[in-house]
Amino acid sequence: MYTQSLNGTPTDSDLSQDDREALVRFQARIDRDEKIEPNDWMPAAYRKTLVRQISQHAHSEVIGMQPEGAWLSRAPTLKRKGVLMAKIQDEAGHGLYLYSAAETLGVARSDLVDQLLSGKAKYSSIFNYPTLNWADLGAVGWLVDGAAIMNQIPLCRCSYGPYARAMIRVCKEESFHQRQGYELISDMANGTPEQHQMAQDALDRWWWPALMMFGPSDKDSAHSSKSMQWKIKRFTNDELRQKFIDATVPQGDRIGLKLPDPDLKWNASEGHYDYGEIDWEEFKRVLNGDGPCNVERMEIRTAAHENGAWVREAAAAHAEK
Ligand code: BYC
């Protein structure tokens, strides 16, 4: 049945007259900026898109703990260690809110996790890059969390209520993450010449992967037009990427770091920065499992899942009592 089914994207000719009318009423609610709630009627394709996006977002938060976790035992001061620990715990929390938001759409979290572990579901490309030195933690906070906020603030106005509400708290925490990263990399950039060089090197390696977080260019984005019509996405991938670049260039200038793009220049007539070509071949390779850390990330995640089996069994046994 079309109306509430989770699978398949029917074509217009598959729809009954009732379904067509329901679709018109649904789009009218979206156009009036009403929130869609879990028990409301929604087209199967809207539900499917949300499950896909929210679950991939949740997986990204969970996998995203790994590049930072690698530095917990090597943080240079107690203060930095405490901040890093809090940030990583926040990411775990974001994953949990997001899995819960996805579950309101009628999918089981265990199925979503299986999709991640079997390689069927994606997670953000950015987490397949390594954190090679301490300055990378600054670059991750400044750029990766900075890009995340740019992408996620509009999701607070997403048409699906549970996702939009989860994003409000996530964004508050992401804002703290971005600021701690910028403070960390500012300290490095203003430190000794060697520390400054480490900060520049981290920026050089993280800049382009951070731009890829926003997804393929609009002309290649499979889902954007439908997601914009349904107000799941409020801006296209390229619009958000441009906003991020425009916000980040002056931040780099302020701390004396140079963004690694020779084509970056202010375009006064359009009021934004023009930028160079993104290496989309690299993006595709990373999405297809061939990034620097894809294998390692999945091995660690799979081992954590297997080692946690007894906790899930104990929790289920306790719940049955
Ligand atoms: N990496 O049609 P498109 C965080 C996939 S967590 C991997 O434009 P859409 C953080 C896309 O899924 C950051 N895959 O898709 C955590 C689709 O594949 P499928 C995660 C990507 O959904 C810890 C295909 O390419 N943020 O910030 O309209 C520590 C075609 O793309 C990527 C979110 O998940 C990518 N970069 O737009 C620190 C935010 N880009 O599903 C920080 C929520 C695209 O057809 N998600 N793909 O197989 C979104 O806003 C949207 O899903 C995207 C993509 C903008 C990412």
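FYI, the numbering just counts along the sequence from 1. The structure displayed is predicted, hence computed values, not measured ones. Remember, it's 1-based here, ligands and their atoms both numbered in the order they're listed.
At least one N or O atom of N151, backbone or side chain, sits closer than 3.5 Å to an N or O atom of ligand 1. In terms of N/O distances under 3.5 Å, ligand 1 is not approached by D145. Residue-to-ligand polar distances keep F283 apart from ligand 1: every N/O pair is separated by 3.5 Å or more. Considering backbone and side-chain atoms together, K87 places no N or O closer than 3.5 Å to any N or O of ligand 1.
In Y123, the part holding a heavy atom less than 4.0 Å from any atom of ligand 1 is the backbone. When non-hydrogen atoms are compared, ligand 1 lies under 4.0 Å from the side chain of Q53 (C-beta onward) but not from its backbone. The proximity of L240 to ligand 1, defined as any non-hydrogen pair under 4.0 Å, does not occur for either the backbone or the side chain. If you look at I126 next to ligand 1, there are no close heavy atoms at all, none under 4.0 Å.
Judged by distance alone, the side chain of D263 and the main-chain N or O of E277 form no donor-acceptor pair under 3.5 Å. The closest donor-acceptor contact from the side chain of E320 to the backbone of A317 lies at 3.5 Å or more, if one exists at all. The main-chain N or O of Q115 is found under 3.5 Å from a side-chain atom of S118 such that the two form a donor-acceptor pair. A side-chain donor-acceptor contact under 3.5 Å links D261 to the backbone of G276. Of the possible polar contacts, none joining the Q152 side chain to the M167 backbone as a donor-acceptor pair under 3.5 Å is found. Looking only at distances, no side-chain donor or acceptor of W230 sits under 3.5 Å from a matching main-chain atom of Y46.
One option in H223, H177, E91, H94 has a heavy atom closer to atom 15 (O) of ligand 1 than any other, and that option is H223. Of the candidates G215, A121, S221, S221 brings a heavy atom nearest to atom 8 (O) of ligand 1. Remark: among candidates M228, K122, R52, the nearest residue to atom 14 (N) of ligand 1 is K122, based on non-hydrogen atoms.
Under the 6.0 Å distance and 45° angle rule, K265 does not count as a cation-pi partner of Y273.
In terms of protein heavy atoms, atom 27 (O) of ligand 1 is closest to A148 CB, 3.0 Å. Of all protein heavy atoms, the one lying nearest to atom 56 (C) of ligand 1 is M213 O, 4.1 Å. Here the heavy atom of the protein found nearest to atom 47 (N) of ligand 1 is L287 CD2, 4.2 Å. Scanning all protein heavy atoms for the shortest distance to atom 1 (N) of ligand 1 gives S125 N, 2.8 Å. Of all protein heavy atoms, the one lying nearest to atom 6 (S) of ligand 1 is S60 CB, 3.6 Å. Ranking the protein heavy atoms by distance from atom 10 (C) of ligand 1 puts F127 CZ, 3.4 Å first.
By the 30° and 60° cut-offs, the orientation of the rings of F26 relative to W41 is perpendicular.
Contact check on D238 versus R241 returns a salt bridge, with a Lys/Arg side-chain nitrogen under 4.0 Å from an Asp/Glu carboxylate oxygen. Using a 4.0 Å cut-off between charged nitrogen and carboxylate oxygen, D40 and K35 do not count as a salt-bridge pair. Between R234 and D33, at least one side-chain N (NZ, or NE/NH1/NH2) sits under 4.0 Å from a carboxylate O, which counts as a salt bridge. Between R285 and E281 no salt bridge is recorded (no basic side-chain N to carboxylate O distance below 4.0 Å). With respect to E239 and K233, no salt bridge is recorded, no charged nitrogen being found less than 4.0 Å from a carboxylate O.
Distances from ligand 1 to the non-hydrogen atoms of K233 include at least one value under 4.0 Å.
Atoms of ligand 1 found under 4.0 Å from any heavy atom of Q152 (numbered from 1 in listed order, with element): 26 (N), 27 (O). Short contacts between ligand 1 and A222, defined as distances under 4.0 Å to a heavy atom of the residue, involve ligand atoms 2 (O). Close approach of ligand 1 to Y163 is summarised as follows: ligand atoms under 4.0 Å from at least one heavy atom of the residue are 43 (C). Interface of P216 with ligand 1, defined as ligand atoms under 4.0 Å from a residue heavy atom, comprises 8 (O), 31 (O), 40 (N), 44 (C). In summary, the atoms of ligand 1 found under 4.0 Å from a heavy atom of Q56, numbered by their order in the structure, are 12 (O), 41 (O). Proximity to F214 (heavy-atom distance under 4.0 Å) selects the following atoms of ligand 1: 55 (C).
Residues R52 and K48 form no side-chain contact, since every pair of their non-hydrogen atoms from C-beta on lies 4.5 Å or further apart.
Shown here, atom 53 (C) of ligand 1 is out of close reach of the protein: none of its heavy atoms lies under 4.0 Å off. Protein heavy atoms are absent from the 4.0 Å sphere centred on atom 24 (C) of ligand 1.
For an aromatic pair to be called close, the ring centres must be under 6.0 Å apart, and Y99 with H59 satisfies this.
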